[in-house]
Number of protein chains: 2
Amino acid sequence: MTTSPDPQPIAERQLCGLVNGLAQRITEHVRVRAATLGLTAAQATALREMTGPMTMRELAERMTCEPSNTTFVIDKLEKQGLVERHPHPTDRRAKHLVLTAEGAALRTRLLELLVVDSPLSGLTDQEKRVLHQLLEQAVTLR
Amino acid sequence: MTTSPDPQPIAERQLCGLVNGLAQRITEHVRVRAATLGLTAAQATALREMTGPMTMRELAERMTCEPSNTTFVIDKLEKQGLVERHPHPTDRRAKHLVLTAEGAALRTRLLELLVVDSPLSGLTDQEKRVLHQLLEQAVTLR
DNA sequence: CTCGAATGATTCAAGCTGTAAATATTCAGG
DNA sequence: CCTGAATATTTACAGCTTGAATCATTCGAG
């Protein structure tokens with residue numbers, strides 16, 4: 001009664017725990033590098049995904065979060081003069097997010113920081129390919 | 001200048017995105033089931049990990065979060081009468097967390113809910129083993 | 001034994017994240 | 001053209017999470 005090992009769900013649970021742990025490690029990696037540029041992890045992720053002008057929704061999809069969340073994050077980046085909300089050229093409902101010159105420069109530095117010592121550096125290219133395939137399958141199938 | 005595809009880091013980034021996406025899907029799975037029991041995802045995770053009496057720190061490690069976070073979550077569970085903080089038998093600094101009868105009963109129902117339609121059901125047992133091995137390797141190796 | 005370092009837990013401030021509701025705009029039919 | 005459904009964004013709110021500071025207790029070296 002004190003420490004029953006729990007019968008079946010243990011394998012699934014372990015696996016979920018590993019996924020979660022790795023995700024946290026990835027976030028931590030971003031957090032540390034971003035901090036050296038005065039950015040939070042969320043702000044850095046937004047900046048990283050800004051490969052070009054896009055709408056709030058597009059950014060939300062890239063960040064896999066809710067659009068309301070990007071409102072919050074972009075507010076911060078805009079206050080720092082890194083991003084600007086322009087009117088969208090064809091849809092007056094949408095915003096067209098564009099990096100300022102300063103934002104683009106900071107993004108370049110950020111990308112340089114993020115590639116070193118990746119949290120997945122413990123895997124070979126071959127292993128990464130297998131992992132990618134499995135994750136893709138897990139995410140897309142149901 | 002408008003949409004440069006970004007040179008090298010794309011593979012790593014995609015992989016990290018997949019891990020993150022799957023982690024969110026796992027959390028979402030817990031969130032939905034937990035809600036039917038009047039629990040939040042964090043509360044349900046804590047309850048799930050309560051396989052027996054343990055300290056706050058032990059629980060934090062199982063949940064892969066900071067101890068200060070478990071203080072917050074256990075506060076909620078304690079208010080609902082599901083968990084109690086007892087003095088630790090051998091270390092007066094520590095708390096001994098124990099489930100109440102109600103807590104244990106709710107945990108049993110929760111575990112039953114969590115095993116159905118797991119977010120990893122798109123993978124075969126064989127694939128799960130491979131995934132487990134790769135994740136373990138990624139997490140432990142630096 | 002005693003002192004200082006380490007550990008368990010908590011508190012607080014700050015930031016992240018999701019849901020639901022509200023507003024503005026677009027779009028497809030009729 | 002008009003209307004209702006759908007979409008883009010924002011706001012308000014509630015809950016989660018972290019990190020630093022704090023307090024009590026334990027542990028180890030001398």
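Here is how names work: the chains are called A, B, and so on, in the same order as the sequence lines, proteins then strands, and each is numbered from 1.
- For residues 61-102 of chain A, the set of pairs meeting the ring-ring contact (aromatic ring centres under 6.0 Å, His included) definition, not counting sequence neighbours, comprises A:H88-A:H96.
- Here D:dT9 presents its C1' atom at 15 Å from NE2 of A:H96, a figure rounded to the nearest Å.
- Rounded to whole angstrom, the span from the NE2 atom of A:H88 across to the P atom of D:dT7 amounts to 16 Å.
- Considering CZ of A:R107 and CG of A:L114, their distance stands at 10.0 Å, rounded to 0.5 Å.
- The CD1-C1' distance, from A:I74 to D:dT9, rounds to 12 Å in whole Å.
- In this structure, A:N20 atom CG and D:dC16 atom P are separated by 15 Å, rounded to whole Å.
- B:R13 is listed as a side-chain neighbour of A:E49, based on a closest heavy-atom distance under 4.5 Å.
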Practice problem: Mark up nucleotides 16-26 of chain C, 5' to 3', with B wherever a protein heavy atom is under 4.0 angstrom from a base atom, S wherever such an atom reaches only the sugar-phosphate, and - elsewhere. | Solution: SBBB----BBS

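- Atom P of nucleotide D:dT26 and atom CZ of B:R57 are separated by 16 Å, given to the nearest angstrom.
- Looking at B:E28 and B:R25, no side-chain N of the basic residue comes within less than 4.0 Å of a carboxylate O on the acidic one, giving no salt bridge.
- To the nearest 0.5 Å, atoms NZ (B:K95) and CD (B:E58) are separated by 14.5 Å.
- B:V98 and B:L77 fall into different hydrophobic clusters, where Ile, Leu, Val, Met, Phe, Trp and Tyr side chains are chained together by heavy-atom contacts under 4.5 Å.
- In this structure, CD of B:E61 is placed 11 Å from C1' of C:dG8, rounded to the nearest angstrom.
- The CZ-C1' distance, from A:R85 to D:dT10, rounds to 9 Å in whole Å.
- Expressed to the nearest 0.5 Å, how far CG of B:L15 lies from CG of A:L123 amounts to 7.5 Å.
- In this structure, A:V73 is not a member of the same hydrophobic cluster as A:I26, with clusters built from ILVMFWY side-chain heavy atoms closer than 4.5 Å.
- Between the axis at the start and the axis at the end of the helix from C:dC1-D:dG30 to C:dG30-D:dC1 there is an angle of 30°, using five pairs per end and rounding to 10 degrees.
- Ionic pairing of B:E112 and B:R109 is not present here: no N-O contact between side-chain nitrogen and carboxylate oxygen is shorter than 4.0 angstrom.
- Using a 4.0 Å heavy-atom distance criterion, A:T55 is classed as a sugar-phosphate-only contact.
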